[in-house]
Chemist: 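Quick one: this structure, given as structure tokens, is what I'll be asking you about.
Residue numbering restarts at 1 for every chain, and letters A, B, ... go by the order of the sequence lines.
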Amino acid sequence: MRPITVDGNEAVARVAYRLSEVIAIYPITPSSPMAELSDEWAAKGEPNLFGLVPKVVEMQSEGGAAGALHGALQEGVLATTFTASQGLLLMIPDMYKIAGQALPGVIHVAARALATHALSIFGDHQDLYAVRPTGWAILVSDSVQAAQDLAAVAHVAALKASLPFLHAMDGFRTSHEVQKIQPLSDRELKALFPYEALEAFRKRALTPEAPVIRGTAQNPDHYFQNREAINPYYLRLPRVVQEAMDRFAEVTGRRYRPYEYVGHPEAERVVVVMGSASLAVEEAVAHLLERGEKVGMVRVRLFRPFHPEGFLAAVPATARKVAVLDRGKEPGAVGEPLFQEVAAAFALRGQGVPLLVGGRYGLSSKEFTPAMALGVFAELEKDRPRHGFTVGIVDDVTGSSLPYPEVDFEDPASVRAVFFALGSDGTVSANKNTIKIIGEETPLFAQGYFVYDSKKSGSRTVSHLRFGPNPLNKPYLVQRASFVGVHQWGFLQRLPMLGVAEEGATVLLNSPYPKEEVWDRLPRPVQEEILRKNLKVYVVNAYELARKVGLPGRINTIMQAAFFKLSGVLPEEEAKARIKKGIEKSYGKRGRAVLERNFQAVDLGFSAVEPLPIPGQVTSTQELIPPMVGEAPPFVREVLGPIALGLGDTLPVSAFPPDGTFPTGTARYEKRGIAEFVPTWDPNVCVQCGKCVLVCPHAVIRAKVVPEEALAQAPEGFPHRKAMWKELSGAYTLAISPDDCTGCSLCVEVCPAKDKRNPSRKALNLAPRLEVREAMNRHWDFFLTLPETPRADLKLHTVKDVQLLEPLFEFPGACAGCGETPYLRLLSQLFGDRLVIANATGCSSIYGGNLPTTPWSKNREGRGPAWANSLFEDNAEFGLGMRLALDKKAEYARSLLPVFRQTLGEELVARLLEPVGPEALEARRQDVALLRERLRGLDDPRARDLLAVADALIPHSVWIVGGDGWAYDIGYGGLDHVLASGANVKVLVLDTEVYSNTGGQASKATGLGAVAKFAMAGKPTPKKDLAFMAMSYGHVYVAQIAMGANDAHTVRAFLEAEAHQGPALLIAYSHCIAHGIDMAKGMDHQKLAERAGYWPLFRYLPGQGLFLDSKPPTLPLREYLYAENRYRLLLQTHPEEAEVFLKAAEEAVRARWERLSRMASAPEAVAG
Amino acid sequence: MDLRTTYLGLALEHPLVASASPLTEKLDGFLRLEDGGAAAIVMHSLFEEQITLEEELLDHYLHYGHESYAEALTYFPKASEYRLTPERHLDLLARAKERVSVPIIASLNGISRGGWVEYARLLEEAGADAIELNLYYIPTDPLLSGAEVEAMYLDTIRAVVEAVKVPVAVKVGHAFTAFAHFAKRVEATGAKALVLFNRFYQPDFDLEGLSVVPTLTLSRPYEALLRVHWIALLYGRVGLELALTGGVHSGKEAVKGLLAGAQVVMMTSAVLEKGPGHFRTVLAELKAFMEEREYASVAEMRGVMSYQKVAEPAAFERANYLRVLGSYRLLP
């Protein structure tokens, strides 16, 4: 077969799909693509190796997937699942069962870090280590090719050994690396497949025709013996694996061993390592061998069962010193898990035990290079090499880190290209396409790896591509680039990009300026680096060309063509033809017009690129813009700043808080300046309604009413106008932060005020940011110094007044125009200074808590939301725990108060014992301050105790926040329990109707007929009615809200939820990028959803009944549904089914409306 | 009485044709029109803008937000193929052809020579008995001359005529400086019929929001007069069949159209208001007229009131305008 270029996920999924009959799936990064591909193939009817389409079923959690896997295995079918990290942890109970029952299931894992002090989606072996006692065999791949091949070995060996297999590749590094590999054909898989073992497995299936029972309960007299009965299975397993690998070699010519040795036959220093890092160690070994050093490496592929004989046989008898590298951390252990195995293996041998040390590397995809491996070998040269070392970081706290030299391991015969781009400009897609072209159409080897930042708007991508005549097994970023593509001019002022360029490298700049102006417009450090390294610079104005061909912003094809021209990887005409072929493959299905435009872009890219004349001297005085601006605290400047620049690797251990606690309010220092256009305010047209402030997803539009005299020092042109309030006097002013704005233009869309002389203008109008930013920044800075409008003067139930509340959630890195964040900003405005938030993992925990900077912030008094994320599945319980603790602390504080009656004074104690609501918040805060003052310095442990819990006397509010994936699926059991408990917690469900954060997989909130991942042929069942479920308790306040449909209703529901003395549930329609809509029109979509009856607004007040706040539907449902790509797509892929779904959806809407109407007209039966 | 006629080389039972309307968006609509008595059906239009816009939208949303964020490299599953409006349109046409026996005329709406013209051929392949090319264009550019617009029209017509073997009819609006001359030039392109006239939908103002909003009003019978007038003027003077569309609500307008010289008369608004069965009503009214006036066939009555044949052709010209104004002044 011809080679293919795929990433690790696809390579594995292609095998797993063909060798499975039931595939249970659940999304989790970085394994989701394996599940997505399986679902897509099944939806398209692609058969497995046995001619059947596997049943692919999405579960409510990984725990659910493991349960389904276990059940399927009971029935003797080939069953698989894919997962990572927390997902794998959730599978542990079933994993024990499956192994204990000797069932040959397979789990493919994109190995990932575990959430500890922080969550990380990136790769290491902590998840694998966490399941090592479950009894599953664990096979670990080091490359994309091996991932494909060992996936097959895992399936085969599982059947032959009658034991379950976990096959792992390194998350992202292998799962997301694109490589040219030799695919496994059906013929080869058939040749490998153990049909007789399958037959034996089938015979063990549960059937009433020959019934047995499995999963008994056992007692002390026999459990132990029975547990030992399975030993022979494990004893023969290493041999089974080796046989499967041998057979694999016979069929394919590619040979693997459970423990592979590379290096000098008489090596004295040996490194033991598992996974992709072994390829880097291998390079280091080759480097040292060339220098005559006696070194070697053992690559562990079979981690469980660890086979001491097999392992020891791989280690040369000459080895005197062995270092074991673990991509994981087990605090408190003598060494990490692989070290423990190796140590035990040597100890059991009892003789010739080498000096043994272990160390950690590569946590959370931390780079691990051959140079770092050299550092390890160098350490082994010492008489007493360190144990428990780290490599790849600077540990200045416990001094664990090893130094390593700077050595160039790049292949000079290869093209090494690094591209800096914006996520939205299509560069990564184009680069993936380039790898495909070179990998599949030429004899060259090709490799691609892509780095994304954590912002969802204006995110940066860095592509690392290698092409060359020699294999490119380099599991690390390009170290020295022969080509650097700067696809976004704006980056030049912010990012140090040319550092990676080697001497004489080619640099391609996408410049909005004419060639003649380019040099002088480059910042000084960039000019210096170009001159110092003698870089060859080329320019192309891809922005303009993209606009010209009708693909504004999509510069990818033009830049791709320019790369091919400059790199000379292929002759020009051939390159053109191949790119066009690639485009046809990618876009052909989407119609001629799109294709033609891209073809034009290719031609332009080749013809328009031109060399930049370099004057030979530095002419610029422009410096780089620092990542953190304003009066940023040292921590923000010195720790968060480098992270924002992509230089987080340079930070030492001491820079970080050991418990992962970070300051809030840091997003304000990171002025990203990502919007091309920003809104500007015309005070004379404005009606001061506050709608723009309410919808702004990034809190960049703010309003205040201030006394006229406060404006005395206002900068020139500071816009303001007399406040149009009955109750407030003074000046109204609206400020916009241009460098925090994402340019989503939701505000402009909702602005109802038009200029009566020129109706094309509103009170808010978009203007080019670069033209207006200076003045707007001056105005913004001054605005922030103005006093807040006193809260006591405001009517909080009106949108007009709510706009004047200070937001304590600002500038999140959410998608431009996000539908979730306006609710969170509103929450922070209404209750921010007394808010404790439990946030489920998902979009809101990422834009809410992903470093470098985070949006939850503080007011002038230093108060603001206190925020924590535990997990995805436990958020309701996590929030409940917080509530219980706050209540308990308050109770304890109240019990201590009488003890200090004399010190505190009778009146104060009486006041503090009085239960108060939010209306008395300020008075209570003053009383607590008084208490602190009076108790301070008292030498009494009970006084110190009281001081420690005194804050709990202030009425704090616990809000439990998460998305629909959490509330409807993985966390539903907990949510249900917490609502049922009657505890005074508030739940905000940001309902996007899909798992947004992992790329739009269907949840039980997904609507009937919507196309989502895992529901490619349309979601076949209606959305779960969470509101009804909660209302059935009778004591839960429930509201279904949609800010875009009725903002006043939204505000009212928040206030009522907060006021309710018990649990409250707000289900908030959140438009989302995964809906396939113009995000600027998100609020209009909310309106349509309400008018069509898709999302009726209502409130259920315990004791009062249901208030149906929407009018009966007036818009045909199709006019809402087909305005969104998620529904329209079905019309384009499955038109007949779409019509059927539409009818069913119309019926469901009608039935639900009738049910709500009936409930709304029925008098509430008040219990008791 | 012989009601049979031909149009675009197709033999029709009678001259009442269903004009393009939303009724044909579903297969059921075709069946209802045939049952209702339409002699031929013009299918709703396939729009140039729709073809390109839908492609663009699909491309946009399949690309939007992709490869930007490590956890969500895409937001939609990848389908192996997409059946956009054109494909679904072609499917529907093919299915309708299998189910109805009256001729189906496919309608293509556009104004440039571009890839979309290819759809004329695909419509033909799907079974269209003829193509109606609908040229709906509002020349808003003050620098664009009438001559340029006409040249663009003719260019497009030629492109479609060249693309297909089936006959092509051309539907246009009435806003031409010299319509008769334009009709002559259409004839030269090889098109077989002219459909008079498109109705331009007038956007309305939303006074609350100071915005322009689209409106759609159904035609009224008085609108037929403009069509009757121009058919009468052109009948026998250009080598094109003439079809009347716009304002036909009863037998009266149908009769007028035929008398003016229409090969067929088309109905949409009246059918939308009264249902497809309205064809039978109008046909009955036409028959009643023919009986009363003793016309033995449609062919016999066609064009008897045309410019060529009426006793006072000046009534169609400027003299008539003066008379109308005069009569207005004479009103009490």
Chemist: Under a 4.5 Å cutoff for heavy-atom pairs, which residue among A/Val1011, A/Thr1133, A/Leu37, A/Thr998 has the most contacts with chain B?
Modeler: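 Heavy-atom pairs under 4.5 Å are most numerous for A/Thr998.
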Chemist: With a 4.5 angstrom heavy-atom cut-off, is it the side chain or the backbone of A/Lys1013 that approaches chain B, or both, or neither?
Modeler: both
Chemist: If you measure only the distance, is there a donor-acceptor pair under 3.5 Å linking the side chains of A/Asp1078 and B/Tyr64?
Modeler: no
Chemist: Less than 4.5 Å apart, side chain to side chain, heavy atoms only: is that true for B/Leu73 and A/Phe450?
Modeler: no
Chemist: Going from NZ on B/Lys26 to CD on A/Glu1139, what distance comes out if it is rounded to the nearest 0.5 angstrom?
Modeler: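 Going from the NZ atom of B/Lys26 to the CD atom of A/Glu1139 covers 5.0 Å.
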Chemist: Let me know if B/Thr85 has heavy atoms under 4.5 Å from chain A in its side chain, its backbone, both or neither.
Modeler: neither
Chemist: To the nearest 0.5 Å, what is the distance between CG on A/Leu1129 and CZ on B/Phe76?
Modeler: 6.5 Å
Chemist: Count the heavy-atom pairs under 4.5 Å between each of A/Asn997, A/Val428, A/Thr29 and chain B, then report the option with the highest count.
Modeler: A/Asn997
Chemist: Verify, without hydrogens or angle tests, whether A/Ser459 (side chain) and B/Ser68 (backbone) share a donor-acceptor contact under 3.5 angstrom.
Modeler: yes
Chemist: Evaluate the side-chain proximity of A/His1075 to B/Tyr61: yes if any heavy-atom separation is below 4.5 Å, no if none is.
Modeler: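 Contact flag for B/Tyr61/A/His1075 side chains = no.
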Chemist: Is A/Ala1074 close to chain B through its backbone or its side chain, or both, or neither, when contacts mean heavy atoms under 4.5 Å?
Modeler: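 Contact with chain B involves both backbone and side-chain atoms of A/Ala1074.
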Chemist: Give, as side chain, backbone, both or neither, the part of A/Thr461 having an atom under 4.5 angstrom from any heavy atom of chain B.
Modeler: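 Side chain of A/Thr461 only, per the 4.5 Å heavy-atom cut-off to chain B.
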Chemist: Of the backbone (N, CA, C, O) and the side chain (C-beta and beyond), which part of A/Glu46 lies under 4.5 Å from a heavy atom of chain B, both, or neither?
Modeler: neither
Chemist: Does any part of the side chain of A/Leu1131, heavy atoms only, come nearer than 4.5 Å to the side chain of B/Arg88, both counted from C-beta?
Modeler: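 In short, these two side chains touch, coming nearer than 4.5 Å.
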Chemist: What's the separation between atom CG in A/Leu551 and atom CD in B/Glu56, rounded to the nearest 0.5 Å?
Modeler: 8.5 Å
Chemist: Is atom CZ of B/Arg99 surrounded by more than 12 heavy atoms (other residues, nucleotides or ligands) closer than 6.0 Å?
Modeler: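 12 or below, so no.
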Chemist: Could you measure the distance from the OG1 atom of B/Thr74 to the CD atom of A/Glu36? Nearest 0.5 Å is fine.
Modeler: 5.0 Å
Chemist: Consider only side-chain N and O atoms of B/Glu67 and A/Tyr452, and report whether a donor and an acceptor are under 3.5 Å apart.
Modeler: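 Yes - a donor-acceptor pair under 3.5 Å links their side chains.
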Chemist: For B/Ala70 and A/His176, work out which heavy atoms get closest and say how close.
Modeler: O-NE2, 4.4 Å
Chemist: Say whether, by atom type as modelled, one donor and one acceptor occur between the side chain of A/Glu40 and the main chain of B/Lys78 under 3.5 angstrom.
Modeler: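 It does hold such a pair.
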Chemist: Nearest 0.5 angstrom please: B/Glu208 CD to A/Lys754 NZ, how far?
Modeler: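 Taking CD in B/Glu208 and NZ in A/Lys754, the distance rounds to 10.5 Å.
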Chemist: Measure A/Thr427 against the heavy atoms of chain B and call it side chain, backbone, both or neither at under 4.5 Å.
Modeler: neither
Chemist: Answer with side chain, backbone, both or neither: which region of A/Phe1014 has an atom nearer than 4.5 Å to a non-hydrogen atom of chain B?
Modeler: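 Contact with chain B is absent: no heavy atom of A/Phe1014 under 4.5 Å.
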Chemist: Look at atom NZ of A/Lys1081 and say whether more than 12 heavy atoms of other residues, nucleotides or ligands are closer to it than 6.0 Å.
Modeler: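 Result for NZ/A/Lys1081: open.
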Chemist: At a heavy-atom separation under 4.5 Å, does A/Ile28 approach chain B through its side chain, its backbone, both, or neither?
Modeler: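 Contact with chain B: none, neither part.
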Chemist: Who among A/Lys756, A/Gln1132, A/Gln1001, A/Lys44 has the most heavy-atom pairs with chain B under 4.5 Å?
Modeler: A/Gln1132
Chemist: Look up atom NZ in A/Lys456 and atom OH in B/Tyr69, then write down how far apart they are to the nearest 0.5 Å.
Modeler: 4.0 Å
Chemist: Can you tell me which portion of A/Lys432 sits under 4.5 Å from chain B's heavy atoms? Options are side chain, backbone, both or neither.
Modeler: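 Interface part for A/Lys432: side chain.
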Chemist: Between A/Arg1126 and chain B, with a heavy-atom cut-off of 4.5 Å, which part of the residue counts as in contact: side chain, backbone, both or neither?
Modeler: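 Both the backbone and the side chain of A/Arg1126 come within 4.5 Å of chain B.
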Chemist: Determine, for B/Asp59 against A/Arg554, whether the closest basic-nitrogen to carboxylate-oxygen distance falls under 4.0 angstrom.
Modeler: yes
